[in-house]
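One-based numbering, in listed order, for ligands and for the atoms of each.
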Amino acid sequence: MEKFVILGGAKLCGEVNISGAKNSAVALIVAAIMVKGVCVIDNVPEVSDTYVLAEIINKLGGKAEFTDKGVITIDCTNLDCFEASYEMVGKIRASSYLMGALLGRFKHAKVALPGGCDFGVRPINLHLKAFTALGATHSVDRGLVDIQAESLVGSPIYMDQVSVGATINAMLAASLAEGTTIIENAAKEPHIVDVANFLNSMGANIKGAGTDVIKIKGVSELHGGSYSVIPDQIEAGTFMIAAAATGGDVVINNVIPKHLDSLSAKLIEMGVTVVEGDDCVRIIADKPLKKVKVNTMPYPGYPTDLQPQIVALLSVANGTSIVTENVWDNRFQYISQLTLMGAQITVDGRVAVIEGVEKLKGSPVSSTDLRAGAAMVIAGLMADGVTEVFNLKYIDRGYENFVQKLKGLGAQITRRTVEDKNEKQIIA
Ligand code: EPU
């Protein structure tokens with residue numbers, strides 16, 4: 001078992017380069033299953049989620065490997081298996097994209113129900129509704145979803161709720177359906193646009209991605225090509241918040257500032273200076289932090305995947321902040337860990353009320369999910385004394401070189417196996 005050991009109090013200063021978007025890369029890697037030919041995808045973050053997906057493609061009979069730093073080469077020309085068992089996919093939420101990709105390619109997919117972070121119920125009814133609209137039938141047996149169609153036929157699909165995953169799955173399957181599909185109430189996240197751009201560059205015909213109506217004219221085949229993943233909006237946001245939390249001055253490079261608007265607006269409201277460049281943002285935090293209200297919403301609203309991080313920041317802001325989680329029904333599990341560090345937070349259903357305290361105190365804490373893990377690191381960076389963050393498997397799913405990047409900004413953080421002795425000496 002490993003842990004991060006953080007000595008709080010260092011101001012983050014300098015520059016950091018943001019990696020490619022994890023949530024986009026996981027969709028693109030799976031989308032490559034539908035392509036007969038070689039796809040070369042660069043700016044892919046080397047995190048456990050992308051490694052696991054490469055492994056799944058190899059097990060299905062395709063070829064996927066990192067051929068250079070951040071470059072994955074995928075050839076699914078001879079991929080011949082449409083069944084992904086629980087042993088293959090249990091670790092990863094994005095495995096749900098296998099349903100759309102395998103269905104598109106083989107008109108048949110058997111995929112174990114997805115794993116990933118646990119924020120309460122994670123239904124797939126909207127994914128299945130989209131496949132049904134395209135003419136597929138499905139059944140579930142021992143956790144394996146079996147979806148098949150004689151042929152996939154384009155159709156209108158209305159999403160009852162905005163869902164990133166269901167929108168991507170519908171785009172995948174519809175790209176290789178006969179005729180035209182129109183997805184209404186589609187998700188608009190940056191990675192939806194990225195998936196559409198990737199598929200279009202491989203021969204698909206998708207219009208409207210990034211708006212709530214996406215029109216897909218099915219094509220009979222997709223061809224190989226090369227593509228570059230967009231920058232990771234959530235990793236960038238995590239560093240913006242970490243800079244603000246430590247009273248730092250950090251330039252965050254390789255970002256699309258527009259994707260960060262909702263966070264920038266909140267930080268500015270809190271008294272942080274945010275300077276936008278063409279592909280960077282600079283965070284200067286030299287004033288006391290003010291309370292704010294945050295409501296998580298689908299894009300372009302404030303992202304749920306930056307909710308734990310801003311709660312950590314608000315735990316030391318002046319006054320009472322209120323954070324409402326509107327996307328997931330149970331994404332406040334990590335708050336008990338923050339309260340171990342002295343944060344004053346109460347949760348009632350989807351609402352967290354945060355009474356700012358002057359300082360957090362270092363403590364052993366656990367990551368309860370990927371973004372909660374990042375929030376624990378942020379809390380540790382600003383706390384008095386030493387914080388140990390356990391359960392790193394979640395953080396490893398989505399943050400590339402997290403420790404190295406933070407160290408590059410002056411953070412006092414190390415990763416070590418739990419048996420290590422003398423950790424205070426090493427960190428000092
Ligand atoms: N929902 C349904 N039925 C469905 C699908 C979703 O009711 O069939 C509900 C969910 O329960 C949830 C809401 O719709 O309440 C939104 O879920 P969505 O489908 O948009 O989430 P997802 O596709 O499973 C992606 C990201 C998550 C991020 C959410 C919301 C990936 C791989 N995952 O998940 O990212 O929280 O969108 O933006 O893209 C993370 O990166 O830490 C992470 C969890």
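In I234, neither the side chain nor the backbone holds a heavy atom less than 4.0 Å from any atom of ligand 1. At a heavy-atom cutoff of 4.0 Å, ligand 1 is contacted by the side chain of D305 but not by its backbone. Contacts with ligand 1 closer than 4.0 Å are made by side-chain heavy atoms of L370 only, the backbone lying farther away.
A side chain to side chain contact (heavy atoms under 4.5 Å, CB included) with L176 holds for exactly one of I216, L222, L134, L152; it is L222. Checked against I252 for a side chain to side chain contact (heavy atoms under 4.5 Å, CB included), the options L409, N17, I18 give a single hit: I18.
Electrostatic pairing of D305 and R331 counts as a salt bridge here, judged by a charged N lying under 4.0 Å from a carboxylate O. Using a cutoff of 4.0 Å between basic side-chain nitrogens and carboxylate oxygens, E2 and R415 are scored as salt-bridged. K405 and E235 are joined by a salt bridge, as a carboxylate oxygen and a charged side-chain nitrogen come within less than 4.0 angstrom of each other. Taking the charged nitrogens against the carboxylate oxygens, D261 and K258 do have a contact shorter than 4.0 Å, which makes a salt bridge.
With ligand atoms numbered from 1 in the order given, ligand 1 contributes 19 (O), 23 (O) to contacts under 4.0 Å with heavy atoms of G165. Interface atoms of ligand 1 facing R331, defined by a heavy-atom separation under 4.0 Å, are 36 (O), 42 (O), 44 (C). Of all the atoms in ligand 1, the ones that sit under 4.0 Å from a non-hydrogen atom of I124 are 8 (O).
Residue contacts with ligand 1: K22 is included, with a non-hydrogen atom under 4.0 Å away. Ligand 1 lies out of reach of G398, whose nearest heavy atom is not under 4.0 Å from it.
Taking the six-membered ring for Trp and thresholds of 30 and 60 degrees, F82 and H108 have nearly parallel ring planes, at less than 30 degrees apart.
Selection from N125, D49, D160 by nearest heavy atom to atom 3 (N) of ligand 1 gives N125. Relative to atom 41 (O) of ligand 1, the option among R371, H127, M159 with the closest non-hydrogen atom is R371.
A distance below 6.0 Å separates the ring centres of F66 and Y51.
Polar contact check, T304 against ligand 1: no nitrogen or oxygen pair lies under 3.5 Å apart. Distances between N or O atoms of V327 and those of ligand 1 include at least one value under 3.5 Å.
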